[in-house]
Amino acid sequence: MQENFSLKPYNTFGVDVKARYFIEVHNVEELKDALEFSDSNTLPLLFLGGGSNILLTKDFNGLAIKLNLKGISEENINDNEILVAAQAGENWHHFVMYCLQKNYGGLENLSLIPGNVGTSPMQNIGAYGTEIKDIFVSCKVLDLADLQPKIFNLEQCRFGYRDSVFKQEGKGKYVILEVTFRLTRTNHHIKTEYGAIKSELENLGITKPTIQDVSQAVINIRQSKLPDPEEIGNAGSFFKNPTIPLAQFEILKQKFENIQGYPNGSMVKVPAGWLIEQCGWKGKQIGNVATHKLQSLVIINATGHATGKEIFDFSTEIINSVQEKFGIELEREVNII
């Protein structure tokens with residue numbers, strides 16, 4: 001247990017705020033001990049995974065717990081399917097690479113997403129036509145009310161677009177300990193139709209892609225347009241892509257002929273990056289904060305010295321700008337602490 005501890009190395013924005021107490025836990029018993037300490041001292045809790053989806057706006061007057069539970073296990077189902085379970089502290093991309101090295105399919109489109117396995121179900125992470133819910137089986141959690149383990153299946157997690165029960169009524173009630181996925185061993189379902197995957201595979205001279213090829217294409221695309229948090233502070237996509245009624249989209253299309261949209265029944269998903277760029281924010285910098293020059297959906301700690309409040313205020317200006325021009329309210333994907 002450490003006091004007055006800087007959380008700068010534990011958030012990918014690189015924001016320098018302090019926690020009143022900090023502890024790193026490696027197993028469930030250490031986690032329970034930390035929770036009992038927080039309970040006996042009436043301390044608020046902050047759980048840290050990879051630190052890639054949070055914005056710390058002020059010092060945390062409580063106990064920050066870094067979840068460092070590690071381990072991967074496997075269970076064969078049949079000739080084509082296998083269950084692979086990873087503990088919460090496993091790095092997400094390293095876990096994806098582990099599965100690909102064993103030729104387990106299903107996670108390849110989710111390559112190079114920052115963060116840890118434990119946070120993946122919270123927001124139903126997704127990219128290039130795949131979401132966690134597509135290969136998710138269950139997750140083991142610790143119930144903070146009675147410190148007993150529980151299992152949540154696919155239905156109980158109530159996954160939505162960047163959403164789950166853990167961001168709704170279950171928020172602050174559970175700690176995810178382990179996540180289990182159902183992956184393929186031989187008959188892989190190759191998804192290349194989303195985004196720039198097809199063209200990237202063509203650039204690589206690949207006509208019959210393997211799951212490893214798809215992964216490499218995704219990695220190449222992400223590296224070409226997204227900044228590395230190790231080099232410049234960011235949390236990936238800062239905003240969710242808004243979904244609006246088809247009727248509203250048709251009205252907007254009359255005024256903005258080039259507006260992009262992906263219909264889904266009576267609703268249309270509009271790329272937040274396009275909206276932000278149309279408002280003149282791509283590459284724009286104010287003080288220590290900017291949007292990335294190649295991807296306006298990404299807010300960066302441009303100088304390395306930005307405070308969480310500066311980043312939050314910058315994001316608010318973007319929200320107000322898009323609302324004023326398009327009548328669409330952007331929602332932050334990043335958790336604000």
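Bear in mind the structure is a predicted one, so any value in this text is a computation, not a measurement.
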Validation row: [X], [Y] side chains within 4.5 angstrom (heavy atoms):
X: Y128; Y: S111; value: no
X: L35; Y: L45; value: yes
X: C279; Y: I318; value: no
X: F22; Y: L63; value: no
X: L154; Y: S138; value: no
X: V175; Y: V141; value: no
X: L201; Y: K198; value: no
X: L147; Y: E36; value: yes

[X]/[Y] aromatic ring centres below 6.0 Å:
X: Y104; Y: Y98; answer: no
X: Y21; Y: F5; answer: no
X: W281; Y: F314; answer: yes
X: F181; Y: F95; answer: yes

Ion pair check, [X] and [Y], cut-off under 4.0 Å:
X: K102; Y: E74; value: yes
X: K150; Y: D143; value: yes
X: E81; Y: R182; value: yes
X: E333; Y: K240; value: no
X: D134; Y: K191; value: yes

With distance as the sole test, does [X] use its side chain to make a donor-acceptor pair with the main-chain N or O of [Y] at under 3.5 Å?
X: T180; Y: V137; result: no
X: E178; Y: A88; result: no
X: N80; Y: N187; result: yes
X: E131; Y: G126; result: no
X: T12; Y: G51; result: yes
X: N76; Y: N78; result: no
X: H292; Y: L294; result: yes
X: S296; Y: G273; result: yes
X: N41; Y: L43; result: no
X: K284; Y: G280; result: no

To the nearest 0.5 Å, what is the distance between [atom1] ([X]) and [atom2] ([Y])?
X: I337; Y: D59; atom1: CD1; atom2: CG; answer: 13.5 Å
X: L252; Y: I244; atom1: CG; atom2: CD1; answer: 5.0 Å
X: K18; Y: K8; atom1: NZ; atom2: NZ; answer: 10.0 Å
X: L110; Y: I135; atom1: CG; atom2: CD1; answer: 5.5 Å

With a 3.5 Å cut-off and no angle check, do the side chains of [X] and [Y] form a donor-acceptor pair?
X: E324; Y: N320; value: no
X: D16; Y: S6; value: yes
X: Q123; Y: D163; value: no
X: T210; Y: D213; value: yes
X: Q278; Y: N258; value: no
X: S315; Y: R332; value: yes

### Message
As a quick check of understanding, evaluate salt bridge (Lys or Arg N to Asp or Glu O under 4.0 Å) for K282 and E277, giving each step before the final call.
### Response
CA-CA 5 Å; K282 190 174 185 179; E277 187 173 339; 3.8 Å; yes

### Task
Walk me through it: do R222 and E200 pass the test salt bridge (Lys or Arg N to Asp or Glu O under 4.0 Å)?
CA-CA 11 Å; R222 293 184 73 92; E200 180 58 27; over 6 Å; no

Does [X] share a hydrophobic cluster with [Y], counting links as ILVMFWY side-chain heavy atoms below 4.5 Å and allowing steps through other members?
X: Y262; Y: I328; result: no
X: M97; Y: L183; result: yes
X: V28; Y: M1; result: yes
X: I132; Y: I113; result: yes
X: L48; Y: I311; result: yes

### Task
Indicate the atoms forming the closest heavy-atom contact of N91 with N116, along with that distance.
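So the two residues come closest at CA-OD1, 3.5 Å.
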
### Closest contact, heavy atoms only, L100 versus Q212
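That closest heavy-atom pairing would be O-NE2, 2.9 Å.
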
### Query
Would one find more than 12 heavy atoms of other residues, nucleotides or ligands at under 6.0 Å from atom NZ of K58?
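Result for NZ/K58: open.
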
### Message
Tell me whether K66 at atom NZ has more than 12 heavy atoms from other residues, nucleotides or ligands lying less than 6.0 Å away.
### Response
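Counting other residues, nucleotides and ligands, NZ of K66 exceeds 12 neighbours.
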
### Task
State which residues pass salt bridge (Lys or Arg N to Asp or Glu O under 4.0 Å) with E257; sequence neighbours excluded, sorted by chain then number.
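Scan of E257 (salt bridge (Lys or Arg N to Asp or Glu O under 4.0 Å), adjacent residues dropped) gives none.
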
### Task
With sequence neighbours excluded, tell me which residues meet ring pair (Phe, Tyr, Trp, His ring centres under 6.0 Å) with F312.
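Partners of F312 by the ring pair (Phe, Tyr, Trp, His ring centres under 6.0 Å) criterion come out as none, since no residue qualifies.
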
### Message
Parallel, tilted or perpendicular, judged at 30° and 60°: which one describes the rings of F326 and W274?
### Response
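It falls in the tilted class, 30° to 60°.
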
